[in-house]
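Proteins get letters first, then strands, A, B, ... in listed order; numbering begins at 1 in each.
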There are 4 protein chains.
Amino acid sequence: MMSNSKPTAARRERERGARRQLILDAAKSVFDERGFLNATMEEIAERSELAVGTLYRYFQSKEELYVSLLFEAMEMFREGIEGARGSGGPPNEQLRAVWRFFYAFYREQPEYYRALMFLHNEGLSDAISPGVIQEINHRAGVNFRLVAEIVQSGVDAGLYRSDLDTRGVVDVLWSLLMGLVQLIETRRNLGAPADMLETLHYEAFEWLECGLRRRVSASVRAN
Amino acid sequence: MMSNSKPTAARRERERGARRQLILDAAKSVFDERGFLNATMEEIAERSELAVGTLYRYFQSKEELYVSLLFEAMEMFREGIEGARGSGGPPNEQLRAVWRFFYAFYREQPEYYRALMFLHNEGLSDAISPGVIQEINHRAGVNFRLVAEIVQSGVDAGLYRSDLDTRGVVDVLWSLLMGLVQLIETRRNLGAPADMLETLHYEAFEWLECGLRRRVSASVRAN
Amino acid sequence: MMSNSKPTAARRERERGARRQLILDAAKSVFDERGFLNATMEEIAERSELAVGTLYRYFQSKEELYVSLLFEAMEMFREGIEGARGSGGPPNEQLRAVWRFFYAFYREQPEYYRALMFLHNEGLSDAISPGVIQEINHRAGVNFRLVAEIVQSGVDAGLYRSDLDTRGVVDVLWSLLMGLVQLIETRRNLGAPADMLETLHYEAFEWLECGLRRRVSASVRAN
Amino acid sequence: MMSNSKPTAARRERERGARRQLILDAAKSVFDERGFLNATMEEIAERSELAVGTLYRYFQSKEELYVSLLFEAMEMFREGIEGARGSGGPPNEQLRAVWRFFYAFYREQPEYYRALMFLHNEGLSDAISPGVIQEINHRAGVNFRLVAEIVQSGVDAGLYRSDLDTRGVVDVLWSLLMGLVQLIETRRNLGAPADMLETLHYEAFEWLECGLRRRVSASVRAN
DNA sequence: GATGAATGAGCATTCATTCAT
DNA sequence: CATGAATGAATGCTCATTCAT
């Protein structure tokens, strides 16, 4: 019976988590609407119905708040990847499913991709606590590893070349994804024709995936 | 004959061009050192030994000045691509040479890549005159077309699949390049291990290029 | 009999005093390290292992906490003065001993001098409870009176001029001390040469003390 | 004839100086009313009818603006000292005149004394350009030297002891002045009786000055 | 055309203090 | 009594851009 001897501590923990999420939700909507630079901490505070100072009790800086959005994004990535992996199909199909998920996720939540690109800013780590950076690195590592395991299972199944650097394959897949997103958005930004992302996205995968496969007989070589 | 009826006009034109270049050179060095956000128009003015106001007679805004750096970058890209194409080797070698050039150019002038990524910023066109955007689009189009012609020549030579969307191939190559650069720089930024760009870069091309080739006999298909 | 009718009350009193001292000790070390402006109540709370709110149950404000450090400083002054007085030497030696003590105390605990100078801030009394101000005034009065008694004993012994305003003498001594400290620290702050405090301090006393003495015969007068 | 070839440059220089003085005047009145901490750059801007940004084109920081007030204060000190020196009286009278001037100046412009005490703040130099610190040091040096020359002339006249460290004498005089000001203002601040500054100020000088004099015959010595 | 002094809106961040538990 | 999360007002400073000369 003598259970929950510290009811306050537990509730506090819960409330802290809830409030943190409240801020993150407000932040997501503001950053989404205005972009990082034009977003103001004041608006985030208003939208979360908290005081500005409270935001800073949960996040060290505007940058840290922005980057913290990636925690949930990466969690969703993980779920998507595990979903693709758990589908039970052959490894190449799993990989294709991951790729499709990446694309679908981008269409649904493009702002997360902007936050991902934000990580590219030099000197970012000055504004963010080491713990957050560590967490980002950790989650990214987990996700990359999950996809690498799919590739590895393709190798094990004799489907992919046995000399593949599976981690490198994932890096390349990810790079291709981010690069495509960037290209398409840049074109739209500059008013250049930017159609066909879907097709391009699909084909790019096929081309790349082809290079991973084990050859039964040589393909045509010009030299 | 050789009409020099307007010597002043000609000289003026020349001086204007020289001064414009002066500004661009100063801008490049400042943006390079400080990044776009931390660079100030005042420092660029000082370094070009011109007045701040003069900068605005040549460039509509800080953004336009930054983006204008891409004119020369794209010219260098063009030269690199034409160099690869003029090497006389087979199309796949030409393509590989282009890819190597991209990499080498990044190593030498990484700041141009940052300016390229800058184009991704939403709402950028508000700060830039249409002419500049047009010029960027034009030059990009030229370069993409040049590479696409190499791919096409590969198709014509029976080396690449005849159903290739050559323009799409170039988009994918370019996306892969930019994505890799971004990934590597992000990792460095976050203190994550970020070695092996060179190898990765090389392999990524091989994998991708493989998917472009015409198949003599089918490779292993799992399903 | 030994009434322990209110053991809790007594213990409470003791605990309250101990906790108060705990806070003062933490405050001293924080103010010492950071200075008044850069010190935060939060850090003081952490270092005393108490909650921020608790600090405010003992001290009305940050200012009051800072100024309250002077209680112990003034107690130490009192001990120093009484030590000098109890040495049994002639009054002028006692006075010199006081002066030496002032100097030694500054060398050991310069932060107390900063708190003393802090009293100079206009509008300070708004942030401090009257009781604390009263206590400061009281202790200062006691100390000044003690020194004044030494001067008076010098007068009584025929050593010092009989028309001396002994209280004024002490004011001047104290002012000279504080002024010297300020001058030396300002010079150090501005990177100006600031040597010789010790010598200066010593000589200043001799010059001043000389003016207090009863003249047996006139000294040279120029006019 | 060909005179004033650069009238614009000259006028600009003049205007810059005038505007700088405008700011200093506004700053003096605001700092005077509110004290350093409660003064805001915005109010100084309003009162000088300039934009906030303009203030920062003339002064690097709020601190630098405050401290720059001392330029004019020190100039007034210099004039006062030279006036005392030029009075033609004997050295001790000149010194007394300097002392009286110090006192009068404090009564008229007590805010300058607060700025002088401000120099005591640790870490001040971080907020002030080296040039300003240098200038402060320079002007202070000039003034101290001028007073030291008076003392020296007293020594030369056989009035003061020949073993005097004249520079030290001035340091002590200055310290005594600042210490007295501080003591009196502290007392007023704490509601303690703080009368008699004038008398005290006068007597302090007499006592101190006495110690500088050459003795014709020994005064009473107790030991 | 060139100049460069002036502009001034805009914003992240701090921290002493409160008060519900 | 102790707690410590929440508050939110308050402010120094930047810097792209303009425009009178």
Nearest whole angstrom, please: distance from the [atom2] of [N] to the [atom1] of [X].
X: D:Phe59; N: E:dA5; atom1: CZ; atom2: P; value: 15 Å
X: B:Glu64; N: F:dT17; atom1: CD; atom2: C1'; value: 14 Å
X: C:Glu43; N: E:dT14; atom1: CD; atom2: P; value: 14 Å
X: B:Ile44; N: F:dA16; atom1: CD1; atom2: P; value: 8 Å
X: A:Asp126; N: E:dA12; atom1: CG; atom2: P; value: 18 Å
X: B:Met41; N: F:dT14; atom1: CE; atom2: P; value: 18 Å
X: A:Arg34; N: E:dG10; atom1: CZ; atom2: C1'; value: 14 Å
X: B:Glu46; N: E:dA5; atom1: CD; atom2: C1'; value: 14 Å

- [ ] Could you label the plane-to-plane angle of the C:Phe36 and C:Phe31 rings as parallel, tilted or perpendicular, counting under 30° as parallel and over 60° as perpendicular?
- [x]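 Correct class here is parallel.
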
Task: Close side-chain approach of D:Arg47 and D:Glu33, heavy atoms under 4.5 Å - done: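 They are in side-chain contact.
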
Flag if over 12 foreign heavy atoms under 6.0 Å of [atom1], [X]:
X: C:Glu43; atom1: CD; answer: yes
X: D:Glu122; atom1: CD; answer: no
X: D:Gln21; atom1: CD; answer: yes
X: D:Glu72; atom1: CD; answer: yes
X: C:Gln134; atom1: CD; answer: no

Task: Touch class at under 4.0 angstrom, heavy-atom based, for A:Arg16 against every strand present - done: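 Touches nothing.
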
Open item on the list: Heavy atoms only, 4.0 Å cut-off, all strands: where does B:Ala39 land among base, sugar-phosphate and nothing?
Closed with: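 Since only primed, P, OP1 and OP2 atoms lie under 4.0 Å of B:Ala39, the category is sugar-phosphate.
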
- [ ] Could you pick out which residue, A:Asn38 or B:Glu49, lies toward the 5' side of DNA chain E when each is mapped onto its nearest nucleotide?
- [x]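 This one resolves to B:Glu49.
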
TODO: For B:Ala51 and for C:Lys62, find the nucleotide of DNA chain E with the closest heavy atom, then tell me which residue's nucleotide is more 5'.
DONE: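 Final value for this comparison: B:Ala51.
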
Task: Donor-acceptor pair, side chain of A:Thr54 and main chain of A:Leu50, under 3.5 angstrom - done: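 No; zero donor-acceptor contacts below 3.5 Å.
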
Does OP1 or OP2 of [N] have a side-chain N or O of [X] closer than 4.0 Å?
X: A:Arg19; N: F:dA6; result: yes
X: B:Arg57; N: E:dA2; result: yes
X: A:Tyr58; N: F:dA5; result: no
X: C:Thr54; N: F:dT3; result: yes

Task: First encountered from the 5' end of DNA chain F, between B:Glu42 and D:Leu37 - done: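 Counting from the 5' end, the first nearest nucleotide belongs to D:Leu37.
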
- [ ] Report the residue (D:Val52 or A:Leu50) whose heavy-atom-nearest nucleotide on DNA chain F is the more 5′ of the two.
- [x]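 With D:Val52 and A:Leu50 compared, the 5'-side residue is A:Leu50.
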
TODO: Extract the stems that DNA chain F is part of, considering only consecutive pairing runs of at least three Watson-Crick or G-U wobble pairs, both distances under 3.5 Å.
DONE: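 Correct response: E:2-21 with F:2-21.
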
TODO: Counting heavy atoms from C-beta on, name the nucleotide in F:dT18, E:dT13, E:dT17 closest to the side chain of B:Tyr56.
DONE: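 The answer is F:dT18.
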
